Participant: 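Here it is, the structure in full.
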Amino acid sequence: MTESELMDATKPEGWNRPPAVKLDGEGEVLEISMGPHHPSTHGVFRMDLKLDGERVIGLKPEFGYLHRNHEKIAEGISYLACMPYTDRLDYICSLTNNWAYALAVEKLAGLAVPERAEYLRVILGELTRVQNHLGAIGFLIQDMGASGTPLMYAFREREKILDRFEELTGSRMMCNYMRFGGCRVDATPAWLDGVRNVVAGLPAFVDEFEALLRTNEILMARTQGTGILRPELAINAGVTGPMLRASGVNYDIRKVDHYGIYDRFKFRVPLGDHWDVYDRFMVRLLEARESIKILEQALKDIPGGPVMDPKAKIRGFRPKAGEAYGRIEAPKGELGFYLISDGGPNPYRYRVRPPSLINLTVLEDMALGQNVADVVLILGSVDIVLGEVDR
Amino acid sequence: MLGEGILKGLAETARNFVGSYFSAERLTTVQYPEQRIAPIEATRDFPFLVYDGADWEAGLRCVACQICEKECPPKCIYIEKSTGKKPDALGKPQFYPARFDIDISVCMSCQICVEVCPFEAIKMDTEFELSTTDRFGGLLYDRKELAKSNEHYHKIHPTEAAAVDAHLAGEKAKADAKTKAAAAAATAKAAASAAPPAGGGA
Amino acid sequence: MFANLDQIFVLLKQWAVGWLPASWQAAAGVLLCVVAIICVFPGLFAITVLLERKGLGRMQNRYGPNRVGIFGILQPVADGIKSLTKEDLVPLSADAVVHFIAPVFLVVVVFMGYAVLPMGRNMTLVHLDAALLFYFAIGASTELSVFMAGWSSRNKYSLLGAMRAVAQMISYEVPLLMSSVAVVMITGSLSLDKIVAAQNQYTWGLPHWYIFTPWGFAGFAMFAIAATAETNRSPFDLPEGESELVAGYFTEYSGFKFAEFFLGEYVGMLSISGLGTTLFLGGWSSPLAVLGWVPSWFWFFAKIMLSMCVYIWMRGTLPRLRQDQLMNFAWKFVLPLTLLNLFVTALWRFMGDGWERWLVCSAILVLAYVVMGRTGMHRDHLGARRYRYAD
Amino acid sequence: MTPLTAYLLVAALLFAIGLAGALTRRNAILVLIGIEMMLNAANLNLIAFWRYGPHPEALTGMMFAIFSIAVAAAEAAVGLGLVISIHRHAHTTDVDLMNRMKG
Amino acid sequence: MGFVFYVIVALTLAGALAAVLLKNTVHCALALTVAFAGLALQFLELDAQFAGFAQILVYVGAVAILVVFAILLTRGSETPKDGVFSRTWLAGLAIAAAVFAVLGWAVLGSAQALPGPGGARTAPPTVTVLQIGNALMSRYVLPLEIVALLLTAALIGAVMVAMHEKAGTQ
């Protein structure tokens, strides 16, 4: 087999993105600018849409309205001072951002994390995942025009989780909790009991949420078959997280990388077979259920002990020269931090691999040929946070 | 069957509608100015400077070491070191902040300044109703506005403040012991140095 | 006593008109009625808006407005003052004249529909023989206002919204008319007075409302769907399409003109609820013969407010459809069913009294509904899904 | 001037306006508008004759008008369909430019 | 023959003139709606309720909207740059004026021969919808069926003519 034949044989469909819709020249092309001041672009995000009637024939995403120079700022401040900035990346899930950054720095400096701190990280990370997924579903249905009812239900539960966050970390959203080699403060037994209470109430809530939405005919009509993302394209574009799993690809960094202590927990990875918005919505819902299972196990087994590596230093932290890439399965996908140290107190190079941005790159492929009303739906199903997209 | 899911959804909202009248679990809204959420101890908002005793200027624990200024991620702290020194709680002569400004509008409540402070001098407040009509000056706090008593600290973060006080008391005791020992040694030495001639004299 | 209470508005009018010379009395009577309508229905609009905000709030586990006045009952007043004092913006490139006429036209047309609605015993403003035709003729004109608003704003979102609205309203006018024709077939009159009179009979204390017959129930269901679509309410609110078209045809309206659109929408809802009540729910007749002493106008207004509550309930629950689905639903589902319903109505008419006609008519309608629903769902490959898991 | 004459004059004027529009405007849709107006003028005549005729209870003129309205609606639908179809082929609605027999 | 008549006539003719003369096509369509509504009012004034309502339903509710849709679909709402009127506008206007002159002359000339006792209006005939329905189903059943057929044919025809040729364009 020649090389070109091999290429043809192995080239998956959607490899070089054939134009799904050809402009046939007879329809009038309507160009509209959706955003940055638009109720359902989830922030200051703009899309240049080309419409033929109501059918999308072109979509150009424009980001950067929320660019805050995060990566460059990080090169000018100490490793510790970067931590609160990571809260502001994906401001819905600050704890997983903390975790990913802490993981990268721990790799760089060779710090160990005490067992109790690992458990706390898992608990906080999974709580974050639950609240993010429920919120994302709520926003998705809000984009469909349900007057925000599911969103309000999701936020009602999220509130309980955020209260626990505040009790432990001092802040509801900008937690700034994890440190290199552990966690900032220890959890009290009362806090753990509070989390147990919240987790005990979650399955009932997810059931309620599902009853409201899962078999709703309008929702099915809107989402099933909409915004199909083929697995080949998803892999090639570097899509990760629930989006990738909804496209049927079994890739979960918790299972792949065995970071933290995820090996100790039994949980499954839900996969979608139809690759559409409904699958993304359901995969998130099912993942939230799995997260609840992890939480139950973690809360049962959490050991005592310190939460900080005694070797870790707060002041004058200078990792040896080298580089490290730490990544975790954040609620939105693979969140990675790439750090280069020159031995000084600041990172020499600091780079974020934001899942939102990379998942957003396939927006046009999913939206071409769809109705303009579906664009907001597809964007909602990507689950972006502009703080992370633009950094 | 078509319409089944819609009816299920309608039943769900109806249940929530009725439930919101009976269950506090569902209707979680807090009517803010009249009602308030019970204060959570760990809550942090903006930093303040702790002082001991009655006089805020004399009692400030801050020694203007400028670590927090350096570590502050958004660089919202501005410190000017004093030219002279004055004794701190331990009696050691220390610099003190001639100027200590925090721009609250820039501060991101990250608590890094608290973590890095070796002198337990800066802590996080829980005051969040800080609205002002002056956009620039109104949120730039100088050291007088920042200074709050240790009692205030005890009121908002009792557990943490108790630990800090114990730690400080330990340090002070250590320092006292040290000074006492030093003083004793000095007196002993003085006595010793004085004694021989005295002895010699005797 | 009760008879007087029933006729209180009629008597009041006669008393007030009695002061005038005889030649003026007729005109003054009409004028008085018009003024009454123009006062009562905006009042109901205010109540409905408050009810909607409170009801939606409760459905979403919120309080809803509760600050202005006790329980927030003065909220509509505050809203009204706010919209009156807001700046009236007209876009620079807008067609100012048409932009101005559109909301005025809408409000005028919507109020005209009330002329023929029987709001109680002897409480019809104009006794027209072709009242139903008049109502539909007037109702058809609202589309023009929507188009004028969307076109004159010179905004792409507005134009899209207007095109959607007009297409939707034209499509759903057909089933709306067709489902009403069933009533006309049974009553043998286009006069709304006669239609109510035909339903104001009781057997064993139960009323002869058309909704209690198989064809009437089906007709009412279709009428309700079409009426919801006609008034652009959720789940058919895509002309407004908050999440994709921002506000559709009235994006560029502010201040009082916006309030006029708002008023037009709600007064239109009240009016079409009144028509549905008149056609299928017995108009002003009481639901039980023993309750005949309650004033007839009370029943009319109770029934329309009840249907407003259903509107609100649906808005709080359902996401919105997409344009093509909306059209498919109108032409492929609702319209065939209404046509079938006409056939069933004819069957009902000619089968004579007896239980057979109940059985046959219900069987045909239920069968058609099930078959069409199934095939519709199957055609679009809609349905609940099962998900696979990877370990 | 009898009232009937007045109605007939109005109808004639309307007809003339419609005719002028149909003959002078370039946009095919406006030509169609002119034609609709002429049809409506005829309807007005029919109704007026019915009303002032000797046998209004026979309903002939009214029926004629109703049928005419129905036919006009059909005509408008087909006419506009044609205009859109032509626009799709020729990218114009200008009747002066629609001078080719082939699309 | 009073004030109301003149107002309605003024409205109708103003609408009609505007529909013919205005530059912007959408304005023309809206003015046309005014003319149609005025005509409907004239029908009502002539005690032809059913025809009046049918006029509003069909013309204001359907035909006007169709026209407007067609204008938008053909991008006709943009005012043409090189003149609004056809090159032969003068001839057109002349023909129209001539036609009006002839019609007016005929109407005025035959005023004596027209029916109507002395120009006064007879008592309004009581026409119920029931009568119309009965007439449609008995005496006029054949025209009704033909109109139904025509409408069906027109519906199909319009759809066929305006349909997107999906397969053909590729």
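No experiment lies behind these values; they were computed from the predicted model shown. Below, chains carry the letters A, B, ... as their sequence lines are ordered, and counting in each starts from 1.
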Participant: Within the side chain of B:R26, is there an N or O that forms a donor-acceptor pair under 3.5 Å with the backbone of A:R156?
Facilitator: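 No.
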Participant: Who wins among A:A74, A:C175, A:G76 for the most heavy-atom pairs under 4.5 Å with chain B?
Facilitator: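 Looking at each of A:A74, A:C175, A:G76 in turn, A:C175 comes out on top.
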Participant: Just do the side-chain contact (heavy atoms from CB on, under 4.5 Å) check on A:E167 and B:T43 with the steps written out, would you?
Facilitator: CA-CA 7 Å; A:E167 264 176 42; B:T43 308; over 6 Å; no
Participant: Enter the distance from A:M174:CE to B:S109:OG here, rounded to the nearest 0.5 Å.
Facilitator: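 Between A:M174 CE and B:S109 OG, I get 10.0 Å after rounding to 0.5 Å.
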Participant: Which answer fits B:T13, side chain, backbone, both or neither, if we ask what part of it has an atom under 4.5 Å from a heavy atom of chain A?
Facilitator: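 Looking at B:T13, backbone and side chain both touch chain A.
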Participant: Where on B:L7 is there a heavy atom nearer than 4.5 Å to chain A: the side chain, the backbone, both, or neither?
Facilitator: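 Contact with chain A involves no heavy atom of B:L7 at all.
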Participant: If I take atom CE from residue A:M83 and atom CD from residue B:Q111, how far apart are they, to the nearest 0.5 angstrom?
Facilitator: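 One gets 13.0 Å once the value is rounded to the nearest 0.5 Å.
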Participant: Could you tell me which portion of A:L80 (side chain, backbone, both or neither) has an atom closer than 4.5 angstrom to a non-hydrogen atom of chain B?
Facilitator: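 Answer is both: backbone and side chain atoms of A:L80 are under 4.5 Å from chain B.
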Participant: Would you find a donor on one side and an acceptor on the other, under 3.5 Å apart, between the side chain of B:E71 and the backbone of A:S78?
Facilitator: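 Answer holds: no.
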Participant: When rounded to the nearest 0.5 angstrom, what distance separates CD1 in B:I112 from CZ in A:R184?
Facilitator: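 It is 8.5 Å, given to the nearest 0.5 Å.
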Participant: Is B:K75 in contact with chain A via its backbone, its side chain, both, or neither, using a 4.5 Å heavy-atom distance?
Facilitator: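 Contact with chain A involves the side chain of B:K75 alone.
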Participant: What part of B:C113 gets closer than 4.5 Å to chain A, counting heavy atoms only: side chain, backbone, both or neither?
Facilitator: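 B:C113 has no heavy atom closer than 4.5 Å to chain A.
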Participant: Indicate yes or no for a side-chain donor-acceptor contact from A:N216 to the backbone of B:G5 under 3.5 Å, with no hydrogens or angles considered.
Facilitator: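 A pair under 3.5 Å: no.
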Participant: Quick one: CD1 on B:I37 to CD on A:E166, what's the gap to the nearest 0.5 Å?
Facilitator: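 Here the rounded value is 7.0 Å.
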Participant: Could you tell me whether a side-chain N or O of B:E12 sits under 3.5 Å from a main-chain N or O of A:A211, the two making a donor and an acceptor?
Facilitator: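 Flag not set: sc B:E12 to bb A:A211 has no pair under 3.5 Å.
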